[in-house]
Amino acid sequence: METLLPSITIPDPTSENIDPKELFPDAKSIWLELGFGGGEHLATLAKDHPDIGFIGAEPFLDGIGKLLAMIADEDVKNIRLLPGDGRPLLEAVPNNSIERLFVLHPDPWPKRRHFKRRLVSPWFFKEAARIMPSNGILRIASDVPDYVRWTLMHAQNSKDFQWLAKTAADWQNRPSDWPATRYGEKSIREGRSPIYLTFRRQ
């Protein structure tokens, strides 16, 4: 936290725009994960794709610490972090700058009076459409049925994203190139079935 984090932290997106190409001058594309939890998904993708730049946002220090340990242990060079809420980052990056966007097991805010706090929203899909190029990929996972319905409703209303599922297996089974997360594995152990949603930017 004292030595590695400052060297890979991106500028404050509430005070300036963020150009991912300046963070990763040699990367062929940039992928972004909002709320990376313990960092397993982000770290695995970064190791598997060293030619891609990865940005991760996470407000909780425990998750940041876990990911920093993985980055240090595996000597991962292609991750930059935002310790904090990822919403300002969505607004701070340029158009067509993020090829893949991941939101895995976001806080469902189950009470109706808290729905406005949900990350997935009309605002989210509008910003996601802005920052992603044509054919960009958006992946969202949740083990909360109401949040899955909520996500599909807003995705359909946005008109900018096509849900790629053809059969039930496409959302019931985690794709082979979708690394598991600690939370996802825990939900399976506790009898909750994660749903895996993949959308393409139209």
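Computation of the quantities below employed the complete heavy-atom set of this structure, encompassing side-chain atoms and omitting hydrogens, waters and symmetry-equivalent molecules.
Distance alone, capped at 3.5 Å, places no donor-acceptor pair between the Glu99 side chain and the Trp31 backbone. A donor-acceptor pair under 3.5 Å is formed between the side chain of Arg130 and the backbone N or O of Leu90. Using modelled atom types, one side-chain atom of Asn78 and one backbone atom of His49 make a donor-acceptor pair closer than 3.5 Å.
Separating the CG atom in Asp143 from the OG atom in Ser193 is a distance of 9.0 Å, to the nearest 0.5 Å. Put simply, CG on Asp160 and OG on Ser134 are 10.5 Å apart, with the number rounded to the nearest 0.5 Å. Rounding to the nearest 0.5 Å gives a distance of 11.0 Å between CG of Asn135 and CZ of Arg100. The CZ atom of Phe102 sits 6.5 Å away from the CZ atom of Phe54 when rounded to the nearest 0.5 Å. Atom CD of Gln156 is separated from atom CZ of Phe125 by 11.0 Å, given to the nearest 0.5 angstrom. In this structure, Thr181 OG1 and Leu42 CG are separated by 12.0 Å, a value rounded to the nearest 0.5 Å.
Hydrophobic clustering keeps Trp171 apart from Leu164 (ILVMFWY residues linked when any side-chain heavy atoms are closer than 4.5 Å, directly or through intermediates). Ile10 and Val76 end up in different hydrophobic clusters when Ile, Leu, Val, Met, Phe, Trp and Tyr side chains are linked at under 4.5 Å. In this structure, Phe36 is not a member of the same hydrophobic cluster as Val93, with clusters built from ILVMFWY side-chain heavy atoms closer than 4.5 Å. When the side chains of ILVMFWY residues are joined at heavy-atom separations under 4.5 Å, either directly or via intervening members, Met132 and Ile140 end up in a single hydrophobic cluster. Taking hydrophobic clusters as Ile, Leu, Val, Met, Phe, Trp and Tyr residues chained together by side-chain heavy-atom distances below 4.5 Å, Met70 shares a cluster with Leu5.
Between Trp163 and Phe199, the two ring planes are tilted [angle within 30° to 60°].
Contact annotation: the side chain of Pro194 approaches that of Ile188 to within less than 4.5 Å [non-hydrogen atoms, C-beta and beyond]. The side-chain heavy atoms of Ile52 and Leu45, taken from C-beta on, include no pair separated by under 4.5 Å. Inter-residue side-chain proximity for Val103 and Thr151 is flagged as unmet; no heavy-atom pair is nearer than 4.5 Å. Residues Pro108 and Asp146 are not in side-chain contact: their nearest non-hydrogen atoms beyond the backbone lie 4.5 Å or more apart. Counting heavy atoms from C-beta outward, Thr198 and Asp170 have side chains that stay 4.5 Å or more apart. No side-chain heavy atom of Ser158 sits less than 4.5 Å from a side-chain heavy atom of Lys126.
Ala57 and Gly86 make their closest contact through CB-CA, 3.8 Å (heavy atoms, listed as atom of the first residue, atom of the second, distance). Counting all heavy atoms, side chain and backbone alike, Gly38 lies closest to Lys66 at O-CB, 3.5 Å. Looking at every heavy atom in both residues, Gly39 comes nearest to Leu67 through O-CD1, 3.6 Å. Nearest heavy atoms, Ile98 versus Pro133: O-CD, 3.2 Å. Residues Lys116 and Arg113 share a closest heavy-atom pair of CE-O, 4.2 Å. Considering all non-hydrogen atoms of both residues, Leu119 and Tyr147 come closest at N-OH, 3.7 Å.
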**Request:** Determine, step by step, whether Arg139 and Asp177 satisfy the salt bridge (charged side-chain N to carboxylate O under 4.0 Å, His left out) criterion, reporting the C-alpha distance in whole Å, the side-chain angles of both residues, the deciding distance to 0.1 Å, and the verdict.
**Result:** CA-CA 12 Å; Arg139 284 182 162 177; Asp177 64 343; 3.0 Å; yes

**Request:** Could you walk me through whether Thr14 and Asp12 pass the side-chain hydrogen bond (donor to acceptor under 3.5 Å, both in side chains) test, one step at a time?
**Result:** CA-CA 5 Å; Thr14 64; Asp12 181 0; 2.7 Å; yes

**Request:** Evaluate side chain to side chain contact (heavy atoms under 4.5 Å, CB included) for Phe161 paired with Arg200, printing each intermediate quantity in order.
**Result:** CA-CA 5 Å; Phe161 289 91; Arg200 178 185 290 125; over 6 Å; no

**Item:** salt bridge (charged side-chain N to carboxylate O under 4.0 Å, His left out) evaluation trace for Asp19 with Lys21
**Value:** CA-CA 5 Å; Asp19 186 351; Lys21 292 182 180 179; over 6 Å; no

**Worked verdict on Ile195 versus Ser142 for side chain to side chain contact (heavy atoms under 4.5 Å, CB included)** = CA-CA 6 Å; Ile195 300 298; Ser142 179; 5.9 Å; no

**Request:** Assess whether side chain to side chain contact (heavy atoms under 4.5 Å, CB included) is satisfied between Trp150 and Val144, documenting all intermediate values.
**Result:** CA-CA 10 Å; Trp150 171 274; Val144 179; over 6 Å; no

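Residue His41 forms a side chain to side chain donor-acceptor pair (under 3.5 Å) with just one option from His105, Arg182, Glu33, and that option is Glu33.
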